[in-house]
Amino acid sequence: MRIPLHIKGEKLWKVCAFIILCIILACCGEEIASVEQPSTAKVGSTVPITVNINIPTAGDGGPDYLVFGFLVPKGWQTSKNTTITYSGPRGNGNMTLIPNTTLAKNGGGLNWPDLMKKTFGIGANLIDDMEWVAYQSDKSFTHGGNETITGKLNIQIKVGADNNNTLVKLGYCITDTGNGFTSNEFGTYYSVKLMADCFELTGGTGDMVDFCNPQLTTVNPPKSLDNDFVTLTFDGTVTSTQLSGAQNVYLCATAYTSDGKTVTVCEQTDKTKMVQLPAGSNRYQITFWPKSFFGATDAQTIVKMEYFITSANGATKIGYGNTSSPFVYTFKCS
């Protein structure tokens, strides 16, 4: 901050005091000190997670409510399968879900989950099938003078409602209802912890969903039904394969229907050709309507698709993890 030369004496002291106050305030705001999270769990088990928080303050403020955000896979149905309590010298209580109709402070008209996603994204996860779930303390808090409010958020989450084996990087954030995700010359009034290590969920019977590692193929949207258009991408830049540098690649797929039938479409034609976008990128895409692609009748529902990526003559097939096993995609809406 530049001080005009004509400010002297008492005025100069007041300006200096203001600068010092700004420096002090800049240190204030919610802080996630640490997260105690296991590295692995079984599908259907209840996982304990502890988020240790500090709230350093300067001056009088409040009453405000603590706001907490939890970044998780949508398939876990976290809002139905999680309880969160808080504890600390100021007392104990419960964290309650914030309704999606509640607009976030300084959120530009967004609710809390949408603002969290806009502000923090999906962390280092590679599949956009994640959600932020927002909670608020059941009691407000006030503060006065220079103090640090400490506490713990105690999470109990039943994981894997979708029954999928999963690799994912969870995330956590905190703020308060008085400031929201504000950062200015006086301080940053929020804290976020996006985990760098993958949390592994095992023991499920569904698909393996790997949010952490680049995949040779992806299907967008991640969850769809057989009557939705889907885009399948083969990313040949992830690792070297027998199709590296290929000009043309094709989809070879088998559909499994609810009435026990299988339908295979494995041909090297315009119907199955994947387009390289952009040219020379070694990334290929095909967009199709599964029900039509496989010729399913109105009475049939496609529940699963197994597929390979093939060469122009069909002799070379690339499967899951660059192996001879097929990629698998299960059609489901949640």
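All values below come from the heavy atoms of this structure, side chains included, with hydrogens, waters and symmetry mates left out.
Considering CD1 of Ile302 and OG1 of Thr254, their distance stands at 11.0 Å, rounded to 0.5 Å. Taking CG from Asn81 and NZ from Lys158, the interatomic distance works out to 6.5 Å, rounded to the nearest 0.5 Å. In this structure, CD1 on Ile53 lies 14.0 Å from OH on Tyr172, to the nearest 0.5 angstrom. A distance of 5.5 Å separates CG of Leu153 from CE of Met95, quoted to the nearest 0.5 Å. The distance from the CG atom of Asn220 to the CG atom of Asp128 is 8.5 Å, given to the nearest 0.5 Å. Taken from CG in Asn179 to OG1 in Thr188, the straight-line distance is 10.5 Å, to the nearest 0.5 Å.
In terms of modelled atom types and a separation under 3.5 Å, the side chain of Arg90 and the main chain of Thr150 share no donor-acceptor contact. Proximity of a side-chain donor or acceptor of Thr175 to a complementary backbone N or O of Gly180 within less than 3.5 Å is detected. Between the side chain of Asp176 and the backbone N or O of Glu30 there is no donor-acceptor pair closer than 3.5 Å. Formation of a donor-acceptor pair under 3.5 Å by the Thr177 side chain with backbone atoms of Tyr65 is found in this model. A donor-acceptor pair is defined here as one N or O able to donate and one able to accept, closer than 3.5 Å; such a pair exists between the side chain of Ser281 and the backbone of Pro278. Looking at Lys223, its side chain never comes within 3.5 Å of a backbone N or O of Asp129 through a donor-acceptor pair. In this structure, Thr166 contributes its side chain and Asn164 its backbone to a donor-acceptor pair below 3.5 Å. Thr119 places a side-chain N or O within donor-acceptor distance of the main-chain N or O of Leu115, the cut-off being under 3.5 Å. A donor-acceptor contact shorter than 3.5 Å links the side chain of Thr323 to the backbone of Tyr320. Using a distance-only test at 3.5 Å, with no hydrogens or angles considered, a donor-acceptor pair links the side chain of Asp207 to the main chain of Thr330.
In this structure, Phe294 is a member of the same hydrophobic cluster as Leu232, with clusters built from ILVMFWY side-chain heavy atoms closer than 4.5 Å. By the criterion of side-chain heavy atoms lying less than 4.5 angstrom apart, applied directly or through intervening Ile, Leu, Val, Met, Phe, Trp or Tyr residues, Val43 is not grouped with Val328; the two fall into different hydrophobic clusters. Cluster annotation: Phe70 is connected to Leu97 through the hydrophobic network of ILVMFWY side chains, with a link wherever side-chain heavy atoms come within less than 4.5 Å. Leu66 is not connected to Tyr189 by any chain of hydrophobic side-chain contacts under 4.5 Å among Ile, Leu, Val, Met, Phe, Trp and Tyr, and they are in different clusters. By the criterion of side-chain heavy atoms lying less than 4.5 angstrom apart, applied directly or through intervening Ile, Leu, Val, Met, Phe, Trp or Tyr residues, Met305 is not grouped with Tyr256; the two fall into different hydrophobic clusters.
Environment of NZ in Lys42: sparse, with no more than 12 heavy atoms of neighbouring residues, nucleotides or ligands closer than 6.0 Å. Counted within 6.0 Å of CG on Asp259, heavy atoms from surrounding residues, nucleotides or ligands total more than 12; the atom is thus considered enclosed. The neighbour count for Asp270 CG, taken as heavy atoms of other residues, nucleotides or ligands under 6.0 Å away, does not exceed 12. Other residues, nucleotides and ligands contribute at most 12 non-hydrogen atoms within 6.0 Å of the NZ atom of Lys273. Annotation: Gln156, atom CD; neighbour count of heavy atoms from other residues, nucleotides and ligands within 6.0 Å is above 12.
Checking Thr233 against Gln285 by side-chain atom types alone, a donor-acceptor pair falls below 3.5 Å. Donor-acceptor pairing under 3.5 Å is recorded for the side chains of Thr217 and Tyr307. Under 3.5 Å, the side chains of Thr241 and Asn322 contain no donor-acceptor pair of N or O atoms. Between Asn282 and Tyr284, the side chains place a donor N or O and an acceptor N or O closer than 3.5 Å (distance only, hydrogens not considered). Side-chain N/O atoms of Thr231 and Thr287 include a donor and acceptor closer than 3.5 Å. For the residue pair Asp138 and Tyr86, a side-chain donor N or O sits within less than 3.5 Å of a side-chain acceptor on the partner. Judged purely by distance below 3.5 Å, without hydrogens or angles, the side chains of Lys152 and Asn52 pair a donor atom with an acceptor atom. When only modelled atom types and interatomic distance are considered, Asn54 and Thr148 share no side-chain donor-acceptor pair under 3.5 Å. In this model, no donor atom of one side chain and acceptor atom of the other lie less than 3.5 Å apart for Tyr329 and Glu306.
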Original post:
Does the pair Phe327 and Leu216 meet the rule for a side-chain contact (heavy atoms from CB on, under 4.5 Å), with working shown?
Top reply: CA-CA 9 Å; Phe327 298 98; Leu216 276 172; 4.0 Å; yes
**OP:** Start with the C-alpha distance between Ile309 and Leu243, add both sets of side-chain angles, then the distance that settles side-chain contact (heavy atoms from CB on, under 4.5 Å), and finish with yes or no.
**Re:** CA-CA 9 Å; Ile309 311 299; Leu243 293 177; 3.8 Å; yes
Original post:
Do Phe199 and Cys212 pass the side-chain contact (heavy atoms from CB on, under 4.5 Å) test, and can you show the C-alpha distance, the side-chain angles, and the key distance before you say yes or no?
Top reply: CA-CA 9 Å; Phe199 174 82; Cys212 297; over 6 Å; no
**OP:** Begin with the C-alpha distance, continue with both residues' side-chain angles, and end with the deciding distance and a verdict on side-chain contact (heavy atoms from CB on, under 4.5 Å) for Glu36 and Ile49.
**Re:** CA-CA 6 Å; Glu36 300 168 25; Ile49 301 172; over 6 Å; no
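Residue Trp112 forms a side chain to side chain contact (heavy atoms under 4.5 Å, CB included) with just one option from Asn100, Val133, Ile98, Leu103, and that option is Ile98.
Ring planes of Tyr135 and Phe68: tilted class, angle from 30 to 60°. Under the 30°/60° scheme for interplanar angles, the aromatic rings of Trp132 and Phe120 are found to be tilted.
One finds no salt bridge joining Lys105 and Asp64 here, because no Lys/Arg side-chain nitrogen approaches an Asp/Glu carboxylate oxygen to under 4.0 Å.
Between Leu170 and Pro73, some side-chain heavy-atom pair lies under the 4.5 Å cut-off. With contacts defined as side-chain heavy-atom distances shorter than 4.5 Å, the pair Thr262/Thr257 does not qualify. When side chains are defined from C-beta on, Leu110 counts as touching Lys118, because their heavy atoms get closer than 4.5 Å. Between Phe288 and Val230, the closest side-chain pair of non-hydrogen atoms falls below 4.5 Å.
The salt bridge (Lys or Arg N to Asp or Glu O under 4.0 Å) pairs that include a residue from residues 278-303 are Asp226-Lys291, Asp235-Arg283, where partners are two or more places apart or lie in different chains.
Scanning both residues, Asp228 and Pro290, for their nearest heavy atoms gives O-CD, 3.0 Å. Contact detail for Ile122 and Ile127: the closest heavy-atom pair is CD1-O, 3.6 Å. Smallest separation of non-hydrogen atoms from Ala161 and Gly75: CB-O, 3.5 Å. Residues Ile32 and Ser191 share a closest heavy-atom pair of N-OG, 2.9 Å. The minimum heavy-atom distance between Met195 and Lys169, with the atom names listed, is O-CB, 3.5 Å. Across Gly123 and Leu194, no two heavy atoms sit closer than the pair CA-CD1, 3.8 Å.
With Phe293 as the aromatic partner, Lys271 meets the cation-pi criteria of under 6.0 angstrom to the ring centre and within 45 degrees of the ring axis. Both the sub-6.0 Å distance and the 45° axial angle are satisfied by Lys317 relative to the ring of Phe308.
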